[in-house]
Amino acid sequence: MRKIVREKQVVLVLLAAVLVSMFAGAVMAKRLPSQGGVYENLKVFTEALSYVESNYVEEVEPDKVIQGAIKGMLKTLDPHSSYMPPDVYREMQVETEGRFGGLGIEITMRDDVLTVVSPIEGTPAFRAGIQPGDQIIKVDGESTKEMSLVDAVKKLRGPEGSAVTISIFRQGFTEPKDFTISRAVIQIKSVRWTKLQDDIGYVKLRSFHKTTEEELEEALQDLGEQHIKMLILDLRNNPGGLLEQAIAVSNVFLEGGKLIVYTKGRLPNQNMKGFSKSDGFHVSYPMAVIINGGSASASEIVAGSLQDLHRATIVGTQSFGKGSVQTIIPLSDGSGLRLTTAKYYTPGGGEINGKGITPDIVIEKPQEAANQEGEQKTLRSQRNIELPGNDLSDEPQLQKAVDFLKTQVQKDGKSVKAG
């Protein structure tokens with residue numbers, strides 16, 4: 001009899017537990033109504049994965065299949081969001097140090113086509129004549145049509161001295177052209193400078209990595225000792241880099257308390273405002289900034305802020321228009337996500353992404369000339385990594401910046417000093 005009573009008690013306890021569980025589930029369903037579809041789809045995903053594992057014609061590696069699913073998920077979002085396997089994630093971390101192996105090009109997806117943002121000056125790709133806007137159709141004979149950015153970077157990199165062949169299509173080509181380029185260790189010094197005629201300082205920024213602000217300060221101190229009175233900042237073919245360095249570079253040319261850039265995202269913690277600071281190194285020279293179609297991301301932040309705040313006149317051609325924020329999120333297995341979480345805006349509210357920065361003074365780049373064989377040949381000024389001298393006859397954009405500054409200083413009659 002006691003045994004029967006105990007069994008009834010156990011049954012009642014179990015029934016109560018089930019009812020509590022059902023009630024809790026109903027409450028959670030009410031709290032998270034939007035998640036139902038996600039959970040149902042995850043159930044379908046696990047079912048599909050199970051069928052693939054057990055029924056596919058060949059034995060599959062579950063890790064490889066799941067990684068492929070994650071890659072596909074990120075690919076549906078936008079060209080800049082991607083999944084990075086552990087080895088690619090480690091390579092990405094190396095990039096921000098300013099030294100990495102490869103060809104020396106910044107790439108992106110534009111209209112679903114793998115596209116060159118800019119070659120980095122002095123690198124194998126630059127010397128081979130790769131240009132901003134070039135479309136990479138194949139890598140070593142493999143089509144890039146379904147290739148993600150991460151996979152493309154992985155294929156373009158390799159041991160120093162090894163060669164890779166990329167098929168390029170550009171405006172003016174009737175068919176893709178193969179470029180075979182030897183890889184090299186890409187070590188970037190991001191700032192170069194010289195003094196031009198008429199006491200004009202010239203600073204070339206080639207990228208934004210962790211030492212750019214320090215290098216820029218060194219350049220401006222040296223030019224200050226040479227008693228320059230005006231300054232040209234050249235951001236042509238600068239593919240960008242670190243956001244904090246874009247803010248730091250802009251800060252050098254601004255008074256404290258000025259809005260440099262802001263971001264808008266889906267979540268409140270993705271909304272950020274970057275302001276200039278009153279302390280630190282600053283200069284107040286009259287300025288011109290030169291941009292072109294290879295100026296992207298951090299370059300556009302600097303150009304856009306100095307333009308909106310009326311601190312500099314922008315000369316050149318429309319910039320690339322890469323103005324989205326990618327947050328790097330490490331995952332538990334050593335891999336990572338590169339996820340677009342916000343977009344950049346200039347101080348005046350201008351959206352950079354997909355639009356770019358419009359120069360105040362538009363000066364087209366030198367036209368390409370055809371050689372005797374009928375192939376396109378780039379003028380010397382487009383690939384010359386030497387600093388400019390006094391003869392700017394083949395540098396119309398730089399010449400226009402020089403002429404503009406000289407005219408403005410003469411007209412305004414202002415005294416100029418370094419802060």
Side-chain angles (χ1 to χ4, degrees), residues 64 67-96 99-120 123-170 173 176-186 188 207 237-241 293-294 296-297 320-322 324 326-329 335-340 353-354:
K64 187 176 181 181
Q67 283 190 3
I70 298 173
K71 288 180 181 179
M73 174 179 67
L74 272 294
K75 193 174 181 180
T76 64
L77 302 179
D78 74 293
H80 307 294
S81 295
S82 57
Y83 171 72
M84 295 177 286
D87 55 340
V88 177
Y89 180 63
R90 287 192 296 269
E91 286 184 19
M92 180 280 304
Q93 292 174 307
V94 170
E95 276 189 41
T96 60
R99 178 186 174 92
F100 54 93
L103 304 183
I105 51 174
E106 176 82 5
I107 57 176
T108 188
M109 285 289 182
R110 172 167 279 183
D111 299 326
D112 296 324
V113 180
L114 191 64
T115 303
V116 175
V117 175
S118 178
I120 300 169
T123 62
F126 187 86
R127 290 190 291 269
I130 303 302
Q131 298 179 18
D134 281 353
Q135 296 179 334
I136 303 177
I137 308 302
K138 294 180 181 178
V139 178
D140 281 337
E142 182 180 348
S143 172
T144 61
K145 188 174 182 180
E146 299 297 328
M147 197 178 290
S148 70
L149 272 176
V150 171
D151 289 338
V153 168
K154 197 171 181 179
K155 289 183 180 297
L156 290 170
R157 290 183 180 170
E160 181 182 3
S162 64
V164 60
T165 299
I166 56 177
S167 298
I168 293 292
F169 186 82
R170 73 170 62 129
F173 282 11
K177 178 182 177 181
D178 286 346
F179 289 76
T180 299
I181 307 172
S182 294
R183 300 179 178 97
V185 173
I186 309 300
I188 306 167
S207 63
N237 298 329
N238 183 323
S297 189
F320 188 83
K322 198 280 184 183
S324 56
Q326 279 70 53
T327 300
I328 305 302
I329 304 170
S335 62
L337 299 181
R338 187 195 302 267
L339 192 65
T340 299
N353 200 50

Trainee: Within this structure, what is the OG1-CG distance for the pair Thr165 and Asp140, rounded to the nearest 0.5 Å?
Mentor: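 Going from OG1 on Thr165 over to CG on Asp140, the span is 5.5 Å.
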Trainee: Is there a side-chain contact between Ile107 and Leu156 (heavy atoms, below 4.5 Å)?
Mentor: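 In contact.
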Trainee: For the residue pair Val164 and Arg183, establish whether any side-chain heavy-atom pair is separated by less than 4.5 Å.
Mentor: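 Heavy-atom side-chain distance check passes, below 4.5 Å.
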Trainee: Looking just at side-chain N and O atoms, do Thr340 and Asp78 make a donor-acceptor pair shorter than 3.5 Å?
Mentor: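 Yes, because at least one side-chain N or O of Thr340 sits under 3.5 Å from a partner of the opposite role on Asp78.
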Trainee: Side chain of Thr115, backbone of Met109: donor and acceptor closer than 3.5 Å?
Mentor: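 Not at all, since once roles are kept as given, no pair shorter than 3.5 Å links the two residues.
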Trainee: Answer yes or no: is there a side-chain heavy-atom contact under 4.5 Å between Lys75 and Tyr83?
Mentor: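 No, side chains not in contact.
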Trainee: Write out all pairs satisfying salt bridge (Lys or Arg N to Asp or Glu O under 4.0 Å) with one or both partners inside residues 160-169, taking only residues at least two apart or from two chains.
Mentor: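 For residues 160-169, and leaving out neighbouring residues, there are no salt bridge (Lys or Arg N to Asp or Glu O under 4.0 Å) pairs at all.
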Trainee: Taking only residues two or more places apart in sequence, or in another chain, which ones meet Ser148 in a side-chain contact (heavy atoms from CB on, under 4.5 Å)?
Mentor: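 side-chain contact (heavy atoms from CB on, under 4.5 Å) check on Ser148 returns Val150, Asp151.
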Trainee: Checking Leu77 now: which residues fulfil side-chain contact (heavy atoms from CB on, under 4.5 Å) with it, not counting sequence neighbours?
Mentor: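 Leu77 satisfies side-chain contact (heavy atoms from CB on, under 4.5 Å) with Leu74, Ser81, Leu339 only.
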Trainee: If we only count heavy atoms from C-beta on, is the Ile166 to Ile130 side-chain gap below 4.5 Å?
Mentor: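 In short, these two side chains touch, coming nearer than 4.5 Å.
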Trainee: Can Glu106 and Lys322 be counted as an ion pair, charged N to O under 4.0 angstrom?
Mentor: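 No.
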Trainee: Between Arg170 and Lys177, is there a side-chain heavy-atom distance shorter than 4.5 Å?
Mentor: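 They are not in contact (no side-chain heavy atoms under 4.5 Å apart), so the answer is no.
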Trainee: Quick one: side-chain contact (heavy atoms from CB on, under 4.5 Å) partners of Pro119, sequence neighbours excluded?
Mentor: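 Once residues adjacent in sequence are excluded, the partners of Pro119 under the side-chain contact (heavy atoms from CB on, under 4.5 Å) criterion are Ile105, Val116, Phe126, Pro132.
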Trainee: Can you confirm if the NZ or CZ of Arg338 lies within 45° of the ring axis of Tyr89 and under 6.0 Å from the centre of its six-membered ring?
Mentor: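 Cation-pi check for Arg338 and Tyr89: fails.
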Trainee: Can you name the salt bridge (Lys or Arg N to Asp or Glu O under 4.0 Å) partners of Lys138, sequence neighbours left out?
Mentor: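 If we apply the salt bridge (Lys or Arg N to Asp or Glu O under 4.0 Å) test to Lys138, skipping adjacent residues, there are no hits.
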Trainee: Under the side-chain contact (heavy atoms from CB on, under 4.5 Å) rule, collect the residues that match up with Pro124, sequence neighbours excluded.
Mentor: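 Result, side-chain contact (heavy atoms from CB on, under 4.5 Å) vs Pro124: Arg127, Ile181, Ala184, Ile186.
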